[in-house]
Structure formats: C-alpha cells, structure tokens
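All chains are named by letter (A, B, ...) in the order of the sequence lines, taking the proteins before the strands, and each is independently numbered beginning at 1.
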Amino acid sequence: MAVNTELTVEKFNELEQYIDSMPSTKGELIRVLHKAQGIFGFLPQEVQKFIAKKLDLSTAKVFGVVSFYSYFTMEPKGENPIAICMGTACYVRGAEKVQDAFIKELGIKVGETTADGKFSLDALRCVGACGLAPVVLVGEKVYGRVTVEDVKKIISNY
Amino acid sequence: MSDIRIVIDGKEVFVPKGSTILDGAKKLGITIPTLCHLDLHDTKMVNQTASCRVCVVEVEGRGNLAPSCATPALDGMVVRTNTMRVLETRKTVTELILSDHPKDCLTCSQSGECELQDLAEMIGIRDINITGNEMSTYKKDYSTSIIRDMDKCIMCRRCETMCNNVQEVGALSGINRGFNAVVSPAFELPLTETVCTHCGQCVAVCPVGALSENDHTWKVVEALANPEKTVIVQVAPAVRVALGEEFGHAPGTIITGKMVTALKQIGFDQVFDTDFAADLTIMEEGTELLGRLGRFLAGEKDVPLPILTSCCPAWVNFVESQFPDLIDIPSSAKSPQQMFGAVAKSYYADILKIDRKDLVVVSVMPCLAKKYEADRVEFSVDGNPDVDLVISTRELAHLIEQVNIDIDELEDSEFDKPLGVSTGAGVIFGSTGGVIEAALRTAYEVHVKKPLPKIDFEQLRGFEGVRAAEVDFDGLKLNIGIAHGLGNAKALLTEIRNGNPRNFHAIEVMACPGGCIGGGGQPYHHGDSSIIKKRMDAIYQIDQDMPIRKSHENEAVMELYDKYLGEPMSHKAHDLLHTHYSQKDKA
C-alpha cells in the first residue's frame, strides 16, 4: 500500500498547532520543516507556502532550505524510505556498491519510488555515524557496516 | 582616539570601530580587487557574503588568508595585500570561478560591463588550468523585463541581498548545493509567476550576465523600418540625466537636447516627452487627492486615505502581491507612461487621422518594470497595446551607437508638440519626492486658489529612505510621507496597515533607491551611489530652469482637456487615464 500523500486539512491543522505552540518561530524553519515532513511525508509547494506564511518568511527562502538539505523531499517517499549515506567515510567504505545493489534489487533509480509505493531510494550526506560506515537508513532504522550481500536481507525485512 | 589603528602594506591608517580591512585599504588608496562585495552606502546595502574570496589578504598572526571585505579591522592589525601567497591565491580563486563560467563573452549581454571580465583582465588570466565537473545547465528564464541566465551566476548573492534586504520583495534565494547551487525564485518558477516586482534592482547589481534586461532594441529598429507605421517615442524624465554616462559624460550631465536630436535622426516620426504625461498624471492624481480629502474633511468615513502614488509599476506589483488588503488606497491614475500611450492612441491618433494599429508607441525608460507594465492586458485595446515597445536608457545608448550617431556632435533640439510640452513639475517625477512635490504644487493652487508663495518644497527632497513632512495648505495641514526602495515602502505600508498613527494624507513611493534616476534600466553605477545623487541634482536643475513649473499651467495639457477630455476625473478621463488593481497570489 502506498503512503497517504493527501494534503488534508487535519494535517495542516496539526502543523499549525505545532507552529503556534512555539514560543518564537525565529530561527526555527528547519525544525518546522522536519515536523511538516513527518506529518505530510513530503514537502510539496502548498506546504512550503503555508510554512512561509506562518513564519513570515519568503517562499523562496523556505524553498532554498528545502532544496539545500537532501533530507527534505518534495516528492512523496515510499512506505519504507531507504537512504544510503554517501558521505566521505561511507563512500570510501563502499557505499556506492551498496547503492548499486539496491538499484538492481528494487529496479528503481536514486530519487525514485517503487511502483507499489513500498520503497523509495535516496542518497544522503553524512549522518554522523561514520564509525558504522557504510550506513543505510530505512525509515528511522539504521543499518551499519552494510555489505552488498546484506541488501537482499534488508529489503526482505519489509 | 577611539579609532582603530591598523597597518596595511606598511602604511598606518585609523578607521572607526566596525570597519573592515577593505575600508582601511580604501582610505589609504590601496585598491584590493573585489567581486562579490558591494557597498551601496546610501541605501544601507552591503553585500558581505565573502563568497568569492577574491579580496583575500594576509593578516600577521593569522594562519589562513582573510577576506578583507568581511574581516573586521582590529587594533594593531598588520595586513599585507600583495604578497606572493595573496597574489597566487587570488589568481587561483579567479581561475576557479572562471572554470565553470561560460566563455561566450563576445555575445554576452554584460560584455564590456562585466566585473568578472574586468577582474580576469586585471589579474591577467590567459589560461584556465582547472577542468572541473561539468557546469550546471539551467534553462534561461525569460520575462518581458528580465532574463535570468543562471549558468552565468557566480553566487555572489548581490541580487539576493538586494531583493531580500533592500527591496524586501523576497523573490530570490540561494537554492541547491555544490555545482548546482544557484540563486532562484521559489520552486524554480519563472519570475513572472513569483512575487518579483520587476524593479530590476537585481539586474542593476549583477556583476556578470546572469541577470539582464530583455532587450527590445531590435524590435524598435524593425518598427522604424516599416513604412506602414507611424512610430513615436516618449522619453522618461530620468533618462536625460543619465544617458550621457554611457557616452563618457560625468554623472548628472543633462543632455536632453542632444538626446532629442538623436531620436529624430534615428527616425522617430515624433519625439515626445513622458513629462507631458507626468503633468497630465498630476491633473488626475492631484484632483483625486483633493477629492478624497474633501470627502474626508466633510466627515465621510471609509475614505481610502492616505492616497498612494501609482506611477511606479514595480511598486504597484508590490502592493498587489504583498499588501492585497490595501489595494483600494493607491491612486487609480495610470502611470505617466501608460497615460501617454492611452492619449497617443486616441487623441493623437485622431489628430493624425490614423488607426491606432498603425501607430507604434515606443518608450525610453530608466526602468525594467515599465516593460512589464506595458504588457499588462488592461493597458491594451482589442489586443493592441497602448505602449508597444519599451527600451531602457542603456538600450537607447546602444541604439544610438548602432546607427552611427556621435551624440557629442549633435545640436540641441526641442521635443515635438503637443505631447512633448512639459513643465518642471513633470521632470521631477524622476526623483524620489518629485511626484508628490509636483502634485502639491498643483493641489495647493487649486485648493487655496492663490499662487504658491514658494514653488520648491525643499522639505520633501533628499535621499533618506523614509521621509515625512507637514505641508501647510493655507491652514489645512497635510501630512506627507515619502519612501524610496521597496523595503522602506514596506515599513511605511505596515504603519498604514496598523492604523496610520502619523495620520498621513498622501504617500509617494518609488521602488528604486533614489527613485527612477536609480532605476534598473539606467547606466550601471557599479556600486557608486554618488552617481544617483548627481542625477538627482540634475533633475532639480532642469526643473529650476523651466519657464513653467506647475502641471496645471501646461498649455498642451489644458488643450487636451478642452478639446478631448473635459475635466480631470471626467468620465472620458476615467476611461482613458485610470486603472484598477487586483490581488496577485504568487510564490
């Protein structure tokens, strides 16, 4: 089953309540975007415009931050978003080969979602767990020292 | 002494606290090359992103090199600006910037004005030994006024600083990262779909060809070459005090007469003056002001006050997208450019006994938003625009060169009649404070029914971003507000939204710093804002030298009312000379 990507009033209300509960929204854009992505699953234009208005920022500024951080996405992700760290440490310890294995196994490219909506594949920059390099995240679960052989097993968990 | 003492290249200099190393070097006459840095002191804009690293210097006791534009001068600092290490780094940095910059300088819109080109030439770059990743390939974004060619962007962020901090429009932001990093509107939308006001101040500060005007010069040439068309031109007030700069004249040189001769030689059938339409604007806007005030003083509630001037198209765009709750307070009077177009294609076309479709109206404007304005659907009749083509001051200079005219060799000529007849009140439209001063000259005499004791309203002039003054109409005290630069206008509008505590009756706004004289289509000032002040002095000089200095004494305007329009704000005047505004919900 694909993730629910509807932009419902309830979701906007939840986000609004979160923003209104902040003592001050100054300097809190990233926190708000993080929350919004948690609620909506992604950050489409409507959500970014809404946040800009609430935080009294330009939409361009909000989009600037969204486009800068690879964590944020404007496309709906799969039910189980897979993210492979391509930071320096992970990269030198074979992250690219791991990525290739995921591409082959899932039949999608980086940035895409499988037809059944179950998995999406992304690359991200350092997650700060370099001791575990190479690192793969599925949702919020962290897999460390991942090898090409592990890929099938990881996918079969979901 | 509270000043800070630093030593640069063995020379001692004292600078006030808060100064940068670059400030100290300037004081000593040492020219450290810069690229991203831009200090427009008078508009309180400093672009200090220190992103290009061209201005690096060696500071004794500091391990790495310091960007002099953003490094504060500290007491006792010893700086060297020309060591081997500095020179090598500067060269490498420039090569790196050039390594992913397009090399189509010959056909670039900024050729000859490009600050990166100047830098490369100064440093003597002959080879670029760095081959990096393939550069980003952004699509060009065309609007009628501005072209964005982001492959040329060097990420100096001047446009962003201008758009967000000075104009407070918020159309631009740095987006993406690494080689893909670029300055862009939200969601990489075309400018026309964003809150962009088309003021063109981003173009005015772009050091390279990433932002440029949409050049319509060739369309003008084609129209002139068409024997079936009658082609007339109007020239805005601010053009005549800046055009000379493109031909090596000192800023503030007035070349009205030569400019008119040049336009005649280029082949325009009639050379008219936007100042005429400015006088006409005053008749309409001044009457509207007095009308609203009269109703207000008679005790009527809900009179939309303060009245806001509406000559500036970027300002109109700003109100429509950012203050939709206030769109009923600007004057409904069209801008002088559009009044001219409307009158030319009705009254004047009738005089010539030609169809409006056979008349081509060209504008020469100091402004890029005027291109956008001329394109608005409400300013056309059955698809035929009131103003067909708009070129900037810079484009006119190029056109004059292209047709082999040496402007210095020309005799002076006068604007043609009737739409070239104007007063001093019309010309001061080019400067901040000028529109409201012109309006008050007329409104005073109409209201008080006595001649003005003094024509000059000195209290309305100046360069301060927001100004307020009280004007005495024979006992009736009017509170006047003035803002130039959209950020300043925003502050004033916010005040109005919060209940107008200073009780303003009328407010003039111009989107560009200094007014139209500092417009986005003017010759590049390259960061020297004293140039804009000199243009301002020239505008007031022209006014001073005019035999007639009040719009209601313009004979040609009076004749237009007598023969065609009737009274100001008449039904016909309303149809031709007034417009309406609508909310624009944009990203």
(message) Need one label for Ala587(B): side chain, backbone, both or neither, based on atoms under 4.5 Å from any heavy atom in chain A.
(response) both
(request) Scan residues 118-158 of chain A for pairs that pass ring-ring contact (aromatic ring centres under 6.0 Å, His included), counting only residues two or more places apart or in two chains. (result) none
(message) Apply salt bridge (Lys or Arg N to Asp or Glu O under 4.0 Å) to residues Glu46(A) and Lys49(A) and explain how you reach the verdict.
(response) CA-CA 5 Å; Glu46(A) 294 86 337; Lys49(A) 283 185 198 165; over 6 Å; no
(request) Would you check if the side chain of Ser184(B) reaches a backbone N or O of Ile175(B) as a donor-acceptor pair within less than 3.5 Å? (result) no
(request) Would you confirm whether Asp149(B), through its side chain, and Leu211(B), through its main-chain N or O, come within 3.5 Å as a donor-acceptor pair? (result) no
(request) Could you look at Glu188(B) and say if it's the side chain, the backbone, both or neither that has a heavy atom under 4.5 Å from chain A? (result) both
(message) If we count only N and O atoms by modelled type, under 3.5 Å, do the side chains of Asn317(B) and Arg376(B) hold a donor and an acceptor together?
(response) yes
(request) May I ask you to list the residues in residues 17-42 of chain A that approach chain B closer than 4.5 angstrom, counting heavy atoms only, ordered by number? (result) none
(message) If we count only N and O atoms by modelled type, under 3.5 Å, do the side chains of Tyr138(B) and Asn176(B) hold a donor and an acceptor together?
(response) yes
(message) Ring-plane angle category for His198(B) and Tyr372(B), please: parallel below 30°, perpendicular beyond 60°, tilted otherwise.
(response) parallel
